[in-house]
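Notes for the one structure printed next.
Each ligand, and each atom within it, is numbered from 1 in the order the structure gives.
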Amino acid sequence: MAKRRGGGGLGDRGARQDSAYKRAKAEGYAGRAVYKLQEIDKRFRLLARGRRVLDLGCWPGSWMQYTAGRVGEDGRVVGLDLREVEIALPSTCKSFVGDVDEVDPKALLEKFGVFDVVLSDMAPNSSGDSGTDRLRSEMLFSRALYIATVVLRPGGHFAAKVFQGGGFPQLLKDVRAAFSECKPLHTKGTRTGSPEHYIVGRGLRRTVDPDAEVDESAQAGG
Ligand SMILES: C[S@@+](CC[C@H](N)C(=O)[O-])C[C@H]1O[C@@H](n2cnc3c(N)ncnc32)[C@H](O)[C@@H]1O
């Protein structure tokens, strides 16, 4: 049985999360997830002034807040989530409600132009069955990766969350195929043994044109 510390009824993870939550509130962030992005960004240098960033699964908005600060006034942050972001964000940010499975990446391109970075912190609602949750998380990851390959400029970067399941090695291969560098990581805010990982891809090799892909397969089929 896990040891409990501090007498407050919280295990190590609970205590760590509680202090991260309090710190996030004190620093004006909408959620403690911000420290995961901060760690990823410090390690992989994804964000910089002037960059245009797409944030998938952006609610309640802490990644958008952090990203807006990093990209500055010349940058742009576009967020998408099933839920509406309610916090006040700088004018360089635009969030909208939508399902990543239904959003057309070409419509994103037409509306916002090409992106330098795509982030995804998407997580499925818990079904109560960890196998189902991992599978759904892997599907969300794959969808985020696909969108990234369509909306990123060549050389652009990608970082996304996934609950590690049986499909994890294939996801790593997919990111390696699309980006020059690929690295999986557990952030410090993630407890030991948690299935939560992030996979970072730096340097998109080539942007995918979904119409051209359809044409190629149509030709192969006929
Ligand atoms: C852990 S939260 C993201 C926290 C966020 N990074 C922040 O810092 O505030 C995960 C989010 O993924 C969103 N999500 C899950 N499935 C989605 C989908 N199909 N399309 C869009 N967003 C989705 C959820 O609504 C949820 O708000």
Option with minimal heavy-atom separation from atom 12 (O) of ligand 1, where the choices are Gln65, Glu102, Met122 |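 Residue with the shortest heavy-atom distance to the ligand atom: Met122.
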
Can you tell which of Val97, Val85, Leu82 gets a heavy atom nearest to atom 23 (C) of ligand 1?
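Going through Val97, Val85, Leu82 one by one, Leu82 has the nearest heavy atom to atom 23 (C) of ligand 1.
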
Using non-hydrogen atoms of the residue, decide whether [X] is closer than 4.0 angstrom to ligand 1.
X      : answer
Cys58  : yes
Arg143 : no
Ala30  : no
Gly31  : no

| said: Quick check: Asp101 and ligand 1, any N/O pair under 3.5 Å apart? | reply: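 For ligand 1, there is no N or O atom that lies under 3.5 Å from one belonging to Asp101.
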
Check: Is Ser62 in polar range of ligand 1, meaning some N or O pair under 3.5 Å apart?
Finding: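 Between Ser62 and ligand 1, an N or O pair is found under 3.5 Å apart.
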
Quick one: look up the protein heavy atom nearest atom 11 (C) of ligand 1 and list residue, atom name and how far away it is.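 Atom 11 (C) of ligand 1 sits closest to the protein heavy atom Asp81 OD2, 3.5 Å.
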
Any cation-pi pair here, Arg23 with Tyr35, using under 6.0 Å and within 45°?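 Yes, a cation-pi geometry.
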
Is Lys106 paired with Asp209 through a side-chain N to carboxylate O contact shorter than 4.0 Å?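 Yes.
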
Notebook entry, point to check: Which part of Lys161 is near ligand 1, with near meaning a heavy atom under 4.0 Å away: side chain, backbone, both or neither?
Noted result: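 The side chain, only.
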
Stepwise, does the ring-ring contact (aromatic ring centres under 6.0 Å, His included) test hold for Phe158 with Phe141?
CA-CA 11 Å; Phe158 171 72; Phe141 180 94; 5.6 Å; yes

